[in-house]
Amino acid sequence: MSSRNVNHVKIQVLRDIQKVINCLVNIEDATGEYLMTLADGRVIDTKGWNDWEWTHGIGLYGLWRLYEITGDKKALNICVDWFDARFEIGTSKNVNTMSPLLTAAHVHQAKLANYLVHLESWAEWVMYEMPRTEEGGLQHITYLDAHPQQLWDDTLMMSVLPLAKIGLVLGRKAYVEEAKRQFILHAQYLRDIQSGLWFHGWTFAGRHHFGRVRWARGNCWITVAIPDFLELLEPPPDDGLRLFLISALVAQIDALVACQDQESGLWHTVLDDPTSYLEASATAGFAYGILKALRLRLIPKETRYVDAGKKAIQGVINNISDAGELLNVSFGTPVFNDAESYKNIPLTPMPYGQSLALLALTEYFRTLL
């Protein structure tokens with residue numbers, strides 16, 4: 001084969017993807033600094049691969065997307081092995097532990113495994129037992145805190161997308177309709193209509209946005225979730241919810257284009273605060289969402305959008321170490337009452353950083369290469 005017929009960029013991206021996966025499944029918390037000790041004595045490893053938390057759910061989703069697009073059997077086998085080990089043990093249900101069920105629903109639909117009993121159990125819990133806020137919002141309950149009356153950006157990615165997918169796979173219309181309502185409700189209370197960005201959290205207890213912080217990774221869950229949700233539902237072009245979510249997405253992406261760091265291609269962890277550090281996991285999420293929005297024609301193929309996506313991808317690639325770690329990833333972050341607290345969150349390689357990089361590189365491979 002002539003070297004002129006070889007796409008060296010594609011080859012390098014596939015190599016980067018494999019490095020990222022290898023690091024994803026081999027990350028270890030050597031010091032115990034990132035272990036989560038619960039009141040009942042359980043210890044949750046939020047950093048290593050062999051536990052059950054949102055960090056792993058996002059990792060699984062990145063692996064599934066790679067398999068879906070490239071047919072990578074190794075990525076699929078990692079997912080199935082994880083479910084075989086975890087479903088046997090089980091875990092307590094909350095917003096974040098729901099996240100692996102998105103990938104489980106995809107695997108089940110493809111008839112690569114039978115997860116019916118698990119899909120039903122988790123979706124029924126979200127529908128009828130999960131704590132709610134005023135107006136019926138999914139309360140952001142986690143291992144450590146019930147967060148009463150709180151709505152967070154993260155919930156749309158961690159619980160609402162899985163609920164919608166399970167509803168579609170099992171033919172449960174009520175699940176899908178509830179997912180639609182949650183997108184509307186979260187947009188109503190978390191969108192900053194002045195900037196187009198999203199606040200990290202809202203509480204009905206006092207009715208405020210805490211520190212009114214436009215946090216990068218919280219925003220990236222929106223940039224990821226809206227295109228993925230619309231791809232799942234496949235609504236007709238004139239569908240009202242589709243048009244509403246597209247308008248919210250366009251407003252957000254316009255704001256993101258305006259505040260992207262032009263030199264690095266990254267975004268600051270507090271999006272509108274250039275004194276906050278540049279953060280790579282959110283950047284990977286933005287890259288994925290922007291490129292996917294271009295592919296799905298949710299945003300026009302304008303130079304400013306294409307350039308923002310390409311710069312973000314290059315920023316992600318520049319932050320992948322020789323060992324495959326995505327560098328400059330902020331640790332798990334609660335809703336704070338001031339921007340300074342977000343700026344003090346430590347940086348450490350995490351499974352969701354690996355997975356967001358995997359999602360971004362896979363979408364780049366599919367859309368632009």
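Start at 1 with the first residue, then count along the sequence. Just so it is clear, the model here is predicted, and its values are computed rather than measured.
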*Is it the case that Q109 and Y115 place a side-chain donor and acceptor less than 3.5 Å from each other?*
no
*Between the side chains of Y67 and T103, does any donor sit under 3.5 Å from an acceptor?*
no
Please tell me if the side chains of [X] and [Y] come closer than 4.5 Å, counting only heavy atoms from C-beta onward.
| X | Y | result |
| --- | --- | --- |
| H56 | Y352 | no |
| D228 | Y288 | yes |
| N50 | D45 | no |
| S330 | Y277 | yes |
| V329 | E279 | yes |
| I21 | Q18 | yes |
| L35 | D29 | yes |

*Give the intermediate values and the outcome of side-chain contact (heavy atoms from CB on, under 4.5 Å) for residues V335 and H147.*
CA-CA 10 Å; V335 177; H147 298 119; over 6 Å; no
Is the backbone N or O of [Y] less than 3.5 Å from a side-chain atom of [X], with the two atoms forming a donor-acceptor pair by type?
| X | Y | result |
| --- | --- | --- |
| T55 | K47 | no |
| N96 | W54 | no |
| Q139 | Q149 | yes |

Hey, are [X] and [Y] close enough for a salt bridge, meaning a charged N less than 4.0 Å from a carboxylate O?
| X | Y | result |
| --- | --- | --- |
| E68 | R366 | no |
| D261 | K311 | no |
| E363 | R65 | no |

*Distance from L66 atom CG to L63 atom CG, nearest 0.5 Å?*
7.0 Å
_Within this structure, what is the NZ-CG distance for the pair K165 and L102, rounded to the nearest 0.5 Å?_
8.0 Å
*H200 and ring-ring contact (aromatic ring centres under 6.0 Å, His included): which partner among Y189, F210, Y342?*
Y342
Once the angle between the rings of [X] and [Y] is folded into 0 to 90°, is it parallel (under 30°), tilted (30 to 60°) or perpendicular (over 60°)?
| X | Y | result |
| --- | --- | --- |
| H140 | W152 | parallel |
| W52 | W122 | parallel |
| F183 | F229 | parallel |

Look at atom [atom1] of [X] and say whether more than 12 heavy atoms of other residues, nucleotides or ligands are closer to it than 6.0 Å.
| X | atom1 | result |
| --- | --- | --- |
| E263 | CD | no |
| K310 | NZ | no |
| E231 | CD | yes |
| I89 | CD1 | yes |

